[in-house]
Amino acid sequence: MTKFYLTTTLPYVNAAPHIGHALEFFQADAIIRFYRKQLGVENVFFNVGTDEHGLKIYEKALAENQTPKEYADFYAAKWQEFCKLFNINYDNFYRTTDPAHYKAAQAFWKACDAKGDIYKKKYEGLYCVGCEEFKTEKDLVDGKCPLHNTVPIQYSEENYFFKLSKYKEELLDIYAKNKDKLKPSSKYDELINFIKNIEDISISRLKKNLPWGIPVPGDDAQVMYVWFDALTNYANAVGYSTDEEKFKQWWPVTQIFGPDNLRFQCAIWQGMLLSAGLEPSKKFLCHGTILGPDGRKMSKTIGNVVSPFDQLEKFGYEAVRFYMLSELPTYGDAAYLEPDLKASFNSKLADNFGNLLNRVIHLANKKEASINNADLVEPEFKKEVENRKSKIENLYTDFDIKLACDEIFQLAEYGNKYIQDNAPWSEKDSDKVQKVLNNLSYLISTVIDLYEPIIPTSCENARNALKNNETIILFKKFE
RNA sequence: CGCGGGGUAGAGCAGUGGUAGCUCGUCAGGCUCAUAACCUGAAGGUCAUCCGUUCGAAUCGGAUCCCCGCAACCA
């Protein structure tokens, strides 16, 4: 049986979830719900979690008079709450402070080390805490990190390095042979460019400077660089180093992440996998950035930040989710516009889909027609619905969520056209009425199935209403 | 020449070589089962500009102009 394993990136626990996270989680959750339907729940695995080490967290925790662990616990709980509020139905919530993660990350380290890919090097450099990264003089502008506008800390350390450069050719080869590994293809050149200039990376820090990390195996003076330990989670989550059978079943992973993660997920992490002797990730989905209503990047200074919690309160999780999945481009940047959210909800869900459901049930009750009999659906009608359905399923399979939504909308619209053309309300022949309404009930149940990954709660309500011939207002329109 | 994304109907977007599409909005008509919903038709674009490749370009190449991201929160 085919297995499907999907993971989001693990958000760094130094801030509350924002609308961009919501996008990533929505997309992942929609994809996973689709695959659960296709393959069965036992054949899909959905991993999310939190990244909880590193200097930034250490410093923030100290500033708030907490231990780093307390600080991380607080935020991890917040993220779990976030998932609950937005109905993100994960199979596993991974925390990098989990003791099991320590072991697995160390096992991963040892595997790379055994391959001869980890070496010690004295490093004198400027470290930017914001980036969690060493900088060279030419990275700096006026002695400051251009990304964070801060003066980097002068470090002189002997650290462990990972021979990432060793895998340059192999990585290039992998991508040359699998150009569709990364979606969207527009990111491909950027990635190749990065890999061509790839260098070995520092993967540890001195423990006396940074106690908040996973100990390097066999060297108590050092802890792993946060990125190194965090990335291994994708493998560890499905049993790397602890349950080989399980791991074999699920690996390789499909990953979804934002544009800033491209190099980490597609280059560095893939190099680590090669070193550890594991298969590279199966597929990468790189979503876009949600911009403020003014079309610019969200910023507190400008004041164009959209909060997922505010949106939830205002519109409910499904309207927000529907808007972000069906209206915004799946892979491009897009502005978050509340008027568009309302308009798309009103027209596509309430007027188109909800209203169709309502009028069909109304008519069926009024005309005493029995519906929901899939065997009696007219072949030609059935064929039309099935054709559209398989087209939509293909779009889902290719992770083109927005395009799939467009087609589902068209299918419901087809139902509205059909009922209009056949006008069962003025039809005298009760057999004909019966047929038309039964056909429509079949179409509606197909729409319900196809929309379910996007708006699960409403689809369940719709299914119940259809089954019990209850007329309901499925979607209440926004003012 | 720092890196990258983008400029397609009033708005938001699809569309990577073959007669310009979708949703919303607007206008006109129809229907009346339904959440003032539904259906039909129409108006509206020289696909940023220029040059080139091609039988043929929104789509490929070059140049130019403009917008956006690459400081903090952060996908």
With heavy atoms under 4.0 Å as the rule, sort A/H18 into base, sugar-phosphate or nothing.
base
State, without any angle test, whether A/N47 and A/N233 hold a side-chain donor-acceptor pair at a distance under 3.5 Å.
yes
Rounded to whole Å, please give me the gap between CG in A/D400 and C1' in B/G15.
12 Å
Closest to the A/K56 side chain, choosing from B/C13, B/C73, B/C39
B/C73
Heavy atoms under 4.0 Å, any strand shown: does A/S186 hit a base, just sugar-phosphate, or nothing?
sugar-phosphate
Take atom P in B/G5 and the same atom in B/G62, then report the distance between them in whole Å.
13 Å
Any residue in residues 424-437 of chain A with a heavy atom nearer than 4.0 angstrom to RNA chain B? Just list them by number, or reply none.
A/W425
Quickly work out the A/F345 CZ to B/U35 C1' distance and round it to whole Å.
11 Å
Considering only heavy atoms, which members of residues 456-479 of chain A lie under 4.0 Å from some atom of RNA chain B?
A/I473, A/L474, A/F475, A/K477
Name every residue in residues 304-330 of chain A that has at least one heavy atom under 4.0 Å from any atom of RNA chain B, in order of residue number, or write none if there are no such residues.
A/P329
Taking only the side-chain nitrogens and oxygens of A/N352, find out if one of them lies under 4.0 Å from OP1 or OP2 of B/C38.
no
What's the CG-C1' distance between A/D189 and B/G6, to the nearest Å?
16 Å
I want to confirm an ordering. Mapping A/A335 and A/H362 to their closest nucleotides on RNA chain B, which one lands closer to the 5' end?
A/A335
What nucleic acid atoms does A/A334 come within less than 4.0 Å of, heavy atoms only: base, sugar-phosphate, or nothing?
sugar-phosphate
With both distances under 3.5 Å as the test, what is the Watson-Crick or G-U wobble partner of B/A28?
B/U40
Which part of the nucleic acid, if any, lies within reach of A/N355 when heavy atoms closer than 4.0 Å are counted: base, sugar-phosphate only, or nothing?
base
Taking atom types as modelled, is there a side-chain donor on A/N438 or A/N373 under 3.5 Å from an acceptor on the other?
no
Would A/K314 and A/D310 pass as an ion pair if we require N to O under 4.0 Å?
no
Looking at the side chain of A/L363, which of B/C33, B/U23, B/G4 is the nearest nucleotide?
B/C33
To the nearest Å, give me how far apart CG (A/D351) and C1' (B/C38) are.
9 Å
Verify the distance criterion only: is there a donor paired with an acceptor across the side chains of A/Q255 and A/W269 at less than 3.5 Å?
yes
Decide if atom NZ of A/K435 counts as having more than 12 heavy atoms of other residues, nucleotides or ligands within a radius under 6.0 Å.
no
Taking only Lys NZ, Arg NE, NH1 and NH2, and the carboxylate oxygens of Asp or Glu, determine whether A/R95 and A/E52 approach each other closer than 4.0 Å.
yes
Is it true that the side chains of A/D351 and A/S347 contain a donor and an acceptor less than 3.5 Å apart?
no
Between B/A34, B/C33, B/G12, which nucleotide has the shortest distance from any of its atoms to the side chain of A/N358?
B/A34
Pick base, sugar-phosphate or nothing for A/S299, based on heavy-atom distances below 4.0 Å to the nucleic acid.
base
So, A/E386 and A/Y442: side-chain donor and acceptor under 3.5 Å apart, yes or no?
yes
Of the candidates B/C24, B/G12, B/U40, the side chain of A/D340 sits closest to B/G12
Main chain of A/R296, side chain of A/D294: is a donor-acceptor contact present, judged purely on distance under 3.5 Å?
yes
Within 45° cone and under 6.0 Å: A/K183 NZ/CZ vs A/F399 ring
no
Quick one: A/F353 CZ to B/C24 C1', roughly how many Å, whole number?
20 Å
Name the nucleic acid region contacted by A/G332, choosing base, sugar-phosphate or nothing; use a 4.0 angstrom heavy-atom cut-off, strictly under.
nothing
Heavy-atom side-chain proximity of A/I401 to A/I454 below 4.5 angstrom:
yes
Have a look at A/G20 and say if it touches a base, only the backbone sugar-phosphate, or nothing, with a 4.0 Å heavy-atom cut-off.
base
In terms of side-chain heavy atoms, does A/T9 have a donor or acceptor partner in A/E24 at a distance below 3.5 Å?
yes
In this structure, is the centre-to-centre distance between the rings of A/H101 and A/Y94 below 6.0 Å?
yes
Just list the side-chain donor-acceptor pairs under 3.5 Å for residues 75-90 of chain A, sequence neighbours left out, or say none.
residue: A/N87; atom: OD1; partner: A/R33; partner atom: NH2; Å: 3.3
residue: A/N87; atom: ND2; partner: A/Y317; partner atom: OH; Å: 2.8

Rounding to a whole Å, what distance do you find between A/L291:CG and B/C70:P?
10 Å
Out of B/C73, B/C24, B/C39, which has the shortest distance to the side chain of A/K297?
B/C73
With the side chain defined as heavy atoms from C-beta on, A/K417 is closest, among B/A14, B/U40, B/C31, to B/U40
Shortest side-chain distance from A/K402, nucleotide among B/C13, B/G12, B/A14
B/C13
Using a heavy-atom cut-off of under 4.0 Å over every strand shown, decide if A/E407 touches base, sugar-phosphate, or nothing.
nothing
What is the nucleic acid contact for A/T289, judged by heavy atoms within less than 4.0 Å: base, sugar-phosphate only, or nothing?
base
For a 4.5 angstrom cut-off between non-hydrogen side-chain atoms, does A/I31 reach A/P453?
no
When you compare B/A57 with B/U46, how far apart are their C1' atoms, in angstrom units rounded to a whole number?
14 Å
Protein N or O to nucleotides 8-10 of chain B N or O, pairs below 3.5 Å:
none

With sequence neighbours left out, which residue pairs that include part of residues 326-357 of chain A fulfil the ring-ring contact (aromatic ring centres under 6.0 Å, His included) condition?
A/Y323-A/Y336, A/F345-A/F475, A/F345-A/F478, A/F353-A/Y451, A/F353-A/F475
Measuring only the C1' atom in each nucleotide, how far is B/G44 from B/A11? A whole number of Å is fine.
13 Å
Checking the side chain of A/Q270 only, and the main-chain atoms of A/S281 only, is there a donor and an acceptor separated by less than 3.5 Å?
yes
Taking the nucleotide of RNA chain B with the nearest heavy atom to each, does A/R263 or A/F257 sit closer to the 5' end?
A/R263
Only pairs with both distances under 3.5 Å count, Watson-Crick or wobble alike; so what is the partner of B/G15 in this structure?
B/U8
Let's test this: given Watson-Crick or G-U wobble pairing with both distances under 3.5 Å, identify the partner of B/C70.
B/G2
Per ring-ring contact (aromatic ring centres under 6.0 Å, His included), A/F45 is matched among A/Y35, A/Y5, A/Y234 by A/Y5
Please report, rounded to the nearest Å, how far the C1' atom of B/A14 is from the OH atom of A/Y331.
14 Å
Measure the distance from CD on A/E59 to P on B/C73 and round it to the nearest whole Å.
12 Å
Given B/G69, is OP1 or OP2 found less than 4.0 Å from the side-chain N or O atoms of A/R296?
yes
Using a heavy-atom cut-off of 4.0 Å across all strands, would you classify A/N346 as base, sugar-phosphate, or nothing?
nothing
What integer number of Å spans the C1' atoms of B/C50 and B/G69?
28 Å
So what's B/G52 paired with, Watson-Crick or G-U wobble, going by both distances under 3.5 Å?
B/C60
